[in-house]
Amino acid sequence: MANVEELVKLSAAEMGAAIKKGDVSSRELVDAHLQVIEAAEPSVQAFLKVSADEAREQADAFDAKSADEKAAMPELAGVPIAIKDMIVTKGIETTAASKILEGWIPPYDATVIEKLKAAGMPILGKTNLDEFAQGSSTEHSAYKTTHNPWDTDRVPGGSGGGSASAVAAFEAPLALGTDTGGSIRQPGALTGTVGVKPTYGGVSRFGAIAMASSLDQIGPCSRTVLDSALLQEIIGGHDKRDSTSIPEGPRPMVAAAREGMKRDLKGLKVGLIKELGGDGFQPGVEARFNEGVKKLEEMGAEVTEVSLPHLPYSLGAYYIIMPSEVSSNLARYDGMRYGLRVMPPDNVPQTAANMMAYTREAGFGDEVKRRIILGTYALSAGYYDAWYGSAQKVRTLIIDDFKKAFEKVDVLVGPTSPVTAFKFGEKTEDPMAMYAIDITTIPANLAGVPAMSIPAGLSDDGLPVGFQFIAPQQRDEVMYKPAAALEAALEDEWNGPIWKSLNASWLNGQAK
Ligand code: GLN
């Protein structure tokens, strides 16, 4: 067996190929990653729970299959994966990083988990996030703070900072995230990894803990574009248990990614989103982004600037629509059905309403409470039209902007995040500052279109920058081709993949 460092630095596709060739077993891969998790977790803290026993059992069950059975399974068969703790896993505690769900063991698997199990992919554990996926730094987790592997004094982004950090730190080759306003893509950008938000409805949300149902989408986190394509084809497709699921199979994303690796983009029309730049965008971010655009041009793409005039209003619309849906979805945590129950003190009437009030007061953190209050207000009689109604109208204008843009171009591009990874505490005192950096990712959620972030190199501060591609609805493959092309072109520029240049000190001493 190759040493641990060599193994965990393979791409997921390479791991899958090595398994198929019989060079490595799924169990060996699981053990290698568990070893790295043990070494990395004191400094990274990406996981809320490591499911070592379950992962080993799943790997052994896969390894015991016949060669014929294995050959018929997907390319990623046997490759381990980490799961954001916003997705329910049968028999494994699922908390959404909230005290209100502490100790809750789901009696069922999300559809995506069933699909991973059917593909023989062992689950390494549950990753950290902002409580109920609400935040952009993972600092709002009720349990722990995840550190960015590139600089452990900095945040990994959020809400899926755990999944992105685990993948960046070589604790897992792949992870699942959820993206309601950027929670897969922005942490991907801040940790130098790939993050994909599929078309709304392209991947089943059955078993994804609901945050804002009209925006939520499960998607892949990986180190390479091809790995995300392979994973999205496994988890995607119709599910009758999700009423918003698109009645169609996954798009040909793997073929598109492989096509992109040939670095020929002749005839591809790329639209540069005019509104995503300037004020509030770090110069280092814009520099790397512009270099990426030049590379696309060098590979034959026709790049033009495209205006989406209502984009600047997307933050305002999102931060009304999202909390409105949060206030409704989180009403189910009432102390009756799941997790925590706090009874009122003896001097307070022992009513159901009081029990719920005490449970919710103790169980929810400040950011979640802020959004529940905001959303309840926006939906209340007399204010509904002014707030929620107006926000929905703005959403329609944004959807129309995208439709018009896609009449002119095949794919849209912009920076994934206006900033690189920031220091702990830098934005927690000012919710508006935390919300403001979501401007780049939120539009795709409002419009339901697929979007992905790939690493575009390092900024002057030595931290990763994300390059975002946005494609038309139900055309996810369209973004995979240029993303894979740019990834390949940038490897020359950066002497290999950007994620490989991470100084992962915890891997020292792991080799044997
Ligand atoms: N940062 C966004 C928010 O706080 C994203 C959330 C998400 O995608 N889950 O709402």
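Indexing begins at 1, ligand by ligand and atom by atom, following the structure's order. In this text the structure is predicted, and so the values were computed from the model without any measurement.
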Does one side chain, of Lys84 or Thr178, offer a donor that lies under 3.5 Å from an acceptor on the other? yes
If you look only at pairs with a residue in residues 186-201, which of them pass as a salt bridge (Lys or Arg N to Asp or Glu O under 4.0 Å), with sequence neighbours excluded? none
Do Asn128 and Thr138 have a side chain donor and acceptor closer than 3.5 Å? no
Do Asp476 side-chain atoms and Pro198 backbone N/O form a donor-acceptor pair below 3.5 Å? no
Can you confirm whether or not the ring centre of Tyr313 sits under 6.0 Å from the ring centre of Tyr318? no
For ligand 1, what is the set of protein residues having any non-hydrogen atom at a distance below 4.0 Å? Ala133, Gln134, Gly135, Ser136, Ser159, Asp179, Thr180, Gly181, Gly182, Ser183, Met211, Tyr318, Tyr319, Met322, Arg371, Asp438
Between the side chains of Thr193 and Thr191, does any donor sit under 3.5 Å from an acceptor? yes
